[in-house]
Amino acid sequence: MAVFTIGTVMQLTDLTARQIRYYEEQELVHPKRTDTNRRMFSLNDVDRLLEVKDYLAEGLNITAIKRMYSTERLKRQQEEELENKQKNLTDEDVRRILYKEILNASGFNPGDSNKPWGR
DNA sequence: TTTCTCACA
DNA sequence: TGTGAGCA
C-alpha cells in the first residue's frame, strides 16, 4: 500500500518536504518507514495531505484539523454504541456537536460563509 | 541524488 | 515554516 517517496508526494500535493514531515509529526498522516528510515506514503496518506492542504487554505489551523480526525473517530464510536443501545442522538445532533468543537478549536465565528461541514 | 534528523542569524 | 549541516 505504501509506495510513494516524499519526493513523489511533494509533487502530488505541492507541499514542501518540511510541511509533509511536520504534518506527520502532528499525526495527520502515518507513512511507513523503509529499512533505511525513508518515509513511504500510501494513497490514503496523499489523500489526507490534500485534505489537510484544503482545510489549511480555508483558514483552519493544524490543531483544528487534528481534532477533526479525532472527533470523527469519536463520532463513529458513538454511532456504533447508539446503534447497539438506543438512538438518542440523531445524525444532525452529532453533526452540531462536531461543528461546535471545530469552531472552538479553530477560533472561528459562527457566521462564516464557507464551511466544508455545512451548517 | 535524495531523504533524514536536528537546530536556529 | 524555511534553511543549512552532516549522515546514510
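Scope of the values below: all heavy atoms of this structure, side chains included, with no hydrogens, waters or symmetry mates. Order of the sequence lines fixes the chain letters, A, B, ..., with proteins taken first and strands second; residue numbering starts at 1 for each chain.
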A.B. asks: Listed in order of residue number, which residues of residues 43-50 of chain A have a non-hydrogen atom at under 4.0 Å from DNA chain C?
C.D. replies: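 Heavy-atom cutoff 4.0 Å gives no residues at all.
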A.B. asks: Under 4.0 Å, heavy atoms only, any strand: does A:Arg39 hit a base, just the sugar-phosphate, or nothing?
C.D. replies: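 Sugar-phosphate contact only - A:Arg39 comes under 4.0 Å of backbone atoms but never of a base.
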A.B. asks: To the nearest 0.5 Å, what is the distance between CG (A:Leu28) and OH (A:Tyr22)?
C.D. replies: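 It is 9.5 Å, given to the nearest 0.5 Å.
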A.B. asks: Using side-chain hydrogen bond (donor to acceptor under 3.5 Å, both in side chains) as the criterion, list what pairs up with A:Asp35, not counting sequence neighbours.
C.D. replies: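 Counting only residues at least two positions away or on another chain, A:Asp35 forms no side-chain hydrogen bond (donor to acceptor under 3.5 Å, both in side chains).
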A.B. asks: Return the polar atom pairs (N/O with N/O) between nucleotides 6-8 of chain C and the protein under 3.5 Å, or none.
C.D. replies:
none

A.B. asks: Give every donor-acceptor pair under 3.5 Å between a side-chain atom in residues 6-14 of chain A and any protein atom, sequence neighbours left out.
C.D. replies:
residue, atom, partner, partner atom, Å
A:Thr8, OG1, A:Thr5, OG1, 3.2
A:Thr13, OG1, A:Val9, O, 2.7
A:Thr13, OG1, A:Leu15, N, 3.3

A.B. asks: Among all residues two or more places apart in sequence or in another chain, which pass the side chain to side chain contact (heavy atoms under 4.5 Å, CB included) test with A:Asn44?
C.D. replies: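 Listed in chain order: A:Met1, A:Ser42.
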A.B. asks: Dot-bracket for DNA chain C: what is it, with Watson-Crick or G-U pairs under 3.5 Å, [ ] where a pair crosses earlier ones, and | for a pair to another strand?
C.D. replies: .|||||.|
A.B. asks: How would you list, by chain and number, every residue that makes a side chain to side chain contact (heavy atoms under 4.5 Å, CB included) with A:Leu43, sequence neighbours excluded?
C.D. replies: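 In terms of side chain to side chain contact (heavy atoms under 4.5 Å, CB included), with neighbours along the sequence ignored, A:Leu43 is linked to A:Phe4.
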A.B. asks: Spell out, yes or no, whether A:Met40 and A:Val46 are grouped together once hydrophobic residues are joined by side-chain heavy atoms under 4.5 Å, including indirect joins.
C.D. replies: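 No; tracing contacts between hydrophobic side chains, which count when under 4.5 Å, never links both residues.
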A.B. asks: So, for A:Ala64 and A:Asn61, which heavy atoms are closest and what is the spacing to 0.1 Å?
C.D. replies: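 Minimum heavy-atom contact is N-OD1, 2.7 Å.
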A.B. asks: Show me the protein contacts with nucleotides 1-4 of chain C, counting only N or O atoms at under 3.5 Å.
C.D. replies:
residue, atom, partner, partner atom, Å
C:dT1, OP2, A:Gln19, NE2, 2.8
C:dT1, OP2, A:Tyr23, OH, 2.4
C:dT1, O5', A:Gln19, NE2, 3.4
C:dT1, O4, A:Arg18, NH2, 3.4
C:dG2, OP2, A:Thr16, OG1, 2.9
C:dG2, N7, A:Arg18, NE, 3.0
C:dG2, O6, A:Arg18, NH2, 3.4
C:dT3, O4, A:Arg18, NE, 3.4

A.B. asks: At what distance, to the nearest 0.5 angstrom, does CG of A:Leu60 lie from NZ of A:Lys66?
C.D. replies: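 The CG atom of A:Leu60 sits 14.5 Å away from the NZ atom of A:Lys66.
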A.B. asks: Can you pull the salt bridge (charged side-chain N to carboxylate O under 4.0 Å, His left out) pairs that have at least one residue in residues 36-50 of chain A, sequence neighbours excluded?
C.D. replies: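 Counting only pairs at least two positions apart or across chains, the salt bridge (charged side-chain N to carboxylate O under 4.0 Å, His left out) contacts touching residues 36-50 of chain A are A:Glu24-A:Arg39.
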A.B. asks: CG/A:Leu56 to CD1/A:Ile65 distance, rounded to the nearest 0.5 angstrom?
C.D. replies: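 One finds 4.5 Å between CG of A:Leu56 and CD1 of A:Ile65.
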A.B. asks: What range of DNA chain B does chain A touch, first nucleotide to last, counting atoms under 4.0 Å from its heavy atoms?
C.D. replies: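 The protein-touched segment is B:dT2 to B:dT5.
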